[in-house]
Amino acid sequence: MAGNQEFDADRAQDFRVVGTRPARPDGMDKVTGKARFGADMNMPGQLIGKILRSPHPHARIKSIDASEALAMPGVKAVVTAEDFNADAKDRDVLTNIMARDKALYEGHAVAAVAATSRIKAQQALKRIKVNYEILPHVTDVDAAMQPDAPILHDDMFTQGLDEKPAKPSNINARHEFGHGDVEKGFAQADIVIERDFKTAATHQGYIEPHACVANVGADGMSELWVCTQGHFHVRSQCASLLGMDVSRLRVTASEIGGGFGGKTTVFIEPVALALSRKAGRPVKLVMTREEVFKASGPTASSSMRVKIGVKKDGTITAGEASLNYQGGAFPGAPADFGAMSAFACYDLENVKAVAFDVVTNRPKGAAYRAPGAPMSVFAVESVVDELAKEIGMDPFDLRLKNAARDGSKSSYGPKFGKIGLVACLEAAKAHPHYAAPLGPNQGRGVASGFWFNFGGETCSNLNVNEDGTITLAVGTPDIGGSRASMCIMVAEELEVPYERVRAIVADTSALGFNDTTEGSRVTFSSGMALIKAARKAKEEMCKRAAMMWDIPAEAVYWAEGAAHPSGPNAGDFEPMTIEEIAGSAAKTGGPIAGHHEYNADGAGVSFGTHIVDTEVDPETGYVKILRYTVVQDAGKAIHPDYVEGQFQGGAVQGIGWALNEEYIYGEDGRLQNATFLDYRLPVASDLPMIDTVIVEVPNPGHPYGVRGVGETGIVPPLAALANSVSAAAGVRLTDLPMSPPKVLKAIGATKLAAE
Amino acid sequence: MSGIHVSTTINGDQIDYVCEPEETMLDVLRDRLGMTGAKEGCSTGDCGACSITVDGRLTCSCLMLGAEAGGHEIGTVEGVAQGNELHPVQQKILDHAALQCGVCTPGIVVAAKALLEKNPDPTETEVRYWLAGNLCRCTGYDKIIRAVMDAAQELRSA
């Protein structure tokens, strides 16, 4: 994607605020416990909602009888599928938030209750009688693709085939990307390696469960307080699901306790609204952790085959990937993104990636940081590592020889613009980490990763207050410090101190539509909107100064937070500060503001390269991480602390995916580990410090060169860890997570083979 | 249902409340007393977001009943700063940008303060093991560990 040429290289030479590390505006409230997250809000007279969920992975709902529950004291409303708009735009979401004919996974919502207390609501759930007809289920992606697999949706006919299939299946779609002729390419190779890989489904693992408070008035005027990455999207989905006008629903985004893609859609919000509409009182609904695991949106599990051919000189002649992703009970596994990302780090003549989006009896997946990319890149980067060993080439040299560069035709179609992959690879290769010695049972792994990044619909406001301070309103929830970055960019542009600018996340009634905080888009899109808004405000302030000086507006320029006459010819005036201009605004035309609304283009793709050292205990299979380094292109780091934070957080989520985390299903189709005890996120004692190197290859599509940094960091770790552990254990590991039993088994198998 | 009357001390203030037998201390703090600094991340004692101190001892408030607080000294995140003066742990978390979403931060603040009161000169490994009961999904812990080590140093030199 080209985007406009926005980057101003001269301007970037003398940033004064950009690149500094000031305290974030919401920090004080967060260290003192005052910040209000989703579950921290209460409304007067509120009821508590609870959701009844299917205990069966697949069952026909023959009847629901809530009469006993409704008769209980304190129970004010019960809702089922009938209480939602059957003509809602997104039928999958409609069916996911409340099962209609069938429960499609363990945890699928079937009914909900609002009562005067949590305990009463919980008791009422037990009195709702649901008559289920249990159906056969399938939770594994490969099993779900078999012709005799239990079918989830009778109307699912695989899309993307030359002909519509005769029979329905669990394969929603086939996607294919690539160019050239892979067979020809493999014929040119000296060595071809083909391997099968598996990754488990993982959860975003945000510490704050989904929470909201809904209030629907008798006149339909409604409000919703919710922890979400995208309150405008919540508004639009809820309005459609409830059959109400968008203007009737005002959504306020609370502080958000993590999302990572998992809070980009709705689960409980429409249910709370439906309960409130029925009960005539506000309803608070908060998920338990078990509900988060079973009924929010984890990411896909995958089963993949990757084949790559290389010449002895290190030229990769062809790459081919076949990817099966299951994304739960509805279409939308990020198989297409997986196929597009798989070979994105390489400039290949012959490349082909085919992906299948498969449904199973698991919760409907949601986005998870660079959705779809970590899995396919894990497979590709593992094979590349093996090939480097086969031909006796340094893994960085092999990658550099074949790396995507400025102008390369990407493996998914478009030509890359200015990109930072080579810069990352070179920085990683030169890093002292790469030259450090290793001990026995230790191994080093490297891998690169890619993410597209996104721009999207954005609407931001800037107001110059009467004392010359600045208030910013953005429509993109701040999930990792973005308010600080917004203030930095505006302070830079207006040349005022950072402390004079405050950013807030405005509710849906205050701004035009904003896309969700996703796709690593906020610092890029909302930031660029605010830079443009600040430029408009500057222009207006110059005009106001010109008016007061009685000279032409063109004869005034902005510098050091003040309007200046452009030269002696323009007039001999002392600079007029932003405070003075703002203070006399009433006399010069009224309030001074800037705003910008657009569909942001030119996000600029992002690459990163990771190095990790591990030690494998041959007795237990336990993997200890000794050292970790993240190198990633940020374009321009606006607030380097939070850029590093994204790198580190992404890396550690990837570490969890590689080593510990997995959705474990039993034969009964039920999730076996729906607690933080059994689904193990990395904890502080599992990890070393995560070193970071910020590479800055400016994105031409942003005035300051910003590229999104949020997602790429989770892409390389799966392969980096697999390469490191494989080197340490002396055996190639292809099945994630590399939990101790699996590592031990792999070591045992090689030992056995050697004997 | 008849509630249980509890007389306790929270952040040095004498507090009385009535709660149901099944209510956790976390429920009482959040729903009855309006002290929402402690967060419910799991309700099984695995995430540490609800950390409080009971007579100085670090505790998951989701694993304690509200009825058990009688006669004890409860400490919550709301009591860590003295008025507008932040505790060094809080200040260093800000200085090191050791938070992203901030939902685990109250628990980290309470836990880290409890550590430094017990062990003013912890090694990095000791900090990591002490905080192993406080999940953070955003930061990868790096900046948190640095902030706590830095706070420890400042407290020692104070």
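Here is how names work: the chains are called A, B, and so on, in the same order as the sequence lines, proteins then strands, and each is numbered from 1.
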- Message: Ring-plane angle category for A:Tyr368 and A:Trp657, please: parallel below 30°, perpendicular beyond 60°, tilted otherwise.
- Response: parallel
- Task: Kindly state whether the ring of A:Tyr628 and the ring of A:His610 have centres lying under 6.0 angstrom apart.
- Result: yes
- Message: We want to know whether A:Glu291 and A:Ser296 form a side-chain donor-acceptor pair, criterion being a heavy-atom distance below 3.5 angstrom.
- Response: no
- Item | Exercise: do A:Tyr679 and A:Glu661 side chains pair donor with acceptor under 3.5 Å | yes
- In terms of heavy-atom pairs under 4.5 Å, which option from A:Glu290, A:Gln204, A:Met287, A:His639 contacts chain B the most? A:Gln204
- Item | Donor + acceptor pair across side chains of A:Glu711, A:Ser520 (<3.5 Å) | yes
- Query: Side chain, backbone, both or neither: which part of A:Phe260 has a heavy atom under 4.5 Å from chain B?
  - Reply: side chain
- Side chain from CB out, backbone as N, CA, C, O: work out which of these in A:Ala39 comes under 4.5 Å of a heavy atom of chain B, or both, or neither. both
- Short N-O contact, A:Glu208 and A:Lys263, less than 4.0 angstrom: yes
- Item | B:Val80 portion near chain A, given a 4.5 angstrom heavy-atom threshold | neither
- Message: Let's test your reading of the structure: which of B:Gly37, B:Ala97, B:Pro106 forms the most heavy-atom pairs below 4.5 Å with chain A?
- Response: B:Ala97
- Measure A:Pro22 against the heavy atoms of chain B and call it side chain, backbone, both or neither at under 4.5 Å. neither
- Message: Using heavy-atom distances under 4.5 Å, tell me whether B:Asn134 contacts chain A through its side chain, its backbone, both, or neither.
- Response: neither
- Over all heavy atoms of both residues, which pair between B:Gly41 and A:Arg289 is shortest? Give the atoms and the distance, please. O-NE, 2.8 Å
- Of A:Asn42, A:Val652, A:Ile479, A:Leu687, the largest count of non-hydrogen pairs under 4.5 angstrom with chain B goes to A:Leu687
- Can B:Thr123 and B:Tyr129 be counted as having a side-chain donor-acceptor contact under 3.5 angstrom? no
- Query: Tell me, side chain or backbone of B:Leu86 under 4.5 Å from chain A's heavy atoms, or both, or neither?
  - Reply: side chain
- Item | Any donor-acceptor N or O pair under 3.5 Å, side chains A:His433, A:Asp691 | no
- Query: Measuring heavy-atom distances to chain A, does B:Glu124 have an atom under 4.5 Å in its side chain, in its backbone, in both, or in neither?
  - Reply: side chain
- Item | Residue part contacting chain B, namely of A:Ile690, when any heavy atom lies under 4.5 Å | both
- Message: Check this for me, if you would: do A:Glu644 and A:Arg21 make a salt bridge, where the nitrogen-to-carboxylate-oxygen distance has to be below 4.0 angstrom?
- Response: yes
- Query: Looking at B:Asp55 and B:Arg57, does any basic side-chain N land under 4.0 Å from a carboxylate oxygen?
  - Reply: no
- Query: Relative to chain B, which segment of A:Met28 carries a heavy atom at a distance below 4.5 Å: side chain, backbone, both, or neither?
  - Reply: both
- Query: Which of the residues A:Pro209, A:Gly650, A:Gly481, A:Ala23 is involved in the greatest number of heavy-atom pairs with chain B at under 4.5 angstrom?
  - Reply: A:Pro209
- Task: Measure distances from A:Ile207 to the heavy atoms of chain B and classify the residue's part below 4.5 Å as side chain, backbone, both or neither.
- Result: both
- Considering only heavy atoms, which portion of A:Tyr206 lies under 4.5 Å from any heavy atom of chain B: side chain, backbone, both, or neither? backbone
- Among the listed options A:Arg36, A:Gln646, A:Gln653, the residue most often paired with chain B at heavy-atom distances under 4.5 Å: A:Gln653
- Query: So among B:Val18, B:Leu65, B:Leu33, B:Ile10, which one has a side-chain contact (heavy atoms from CB on, under 4.5 Å) with B:Val28?
  - Reply: B:Leu33
- Checking B:Ser43 against chain A: side chain, backbone, both or neither under 4.5 Å from a heavy atom? neither
- Note on the structure: Per-residue tally against chain B (heavy atom, under 4.5 Å) across A:Asp26, A:Val31, A:Ile256, A:Val286 peaks at A:Val31
- Task: Check each atom of A:Glu255 against the heavy atoms of chain B and say whether the ones under 4.5 Å are side chain, backbone, both or neither.
- Result: neither
- Take B:Arg32 and B:Asp27 through the salt bridge (Lys or Arg N to Asp or Glu O under 4.0 Å) test and state the conclusion after the steps. CA-CA 7 Å; B:Arg32 295 206 180 260; B:Asp27 294 336; over 6 Å; no
- Message: Between A:Arg118 and chain B, with a heavy-atom cut-off of 4.5 Å, which part of the residue counts as in contact: side chain, backbone, both or neither?
- Response: side chain
- Task: Heavy atoms only, distances under 4.5 angstrom: which of B:Asp46, B:Thr105, B:Asp95, B:Thr44 has the most pairs with chain A? Name it, please.
- Result: B:Asp46
- Item | Test: A:Asp686 and A:Arg680 ion pair at under 4.0 Å | yes
- Taking every heavy-atom pair that is under 4.5 Å apart, which of B:Met35, B:Glu78, B:Arg30 has the most such pairs with chain A? B:Arg30
- Note on the structure: Applying a strict 4.5 Å limit to non-hydrogen atoms, the region of A:Thr32 in contact with chain B is both
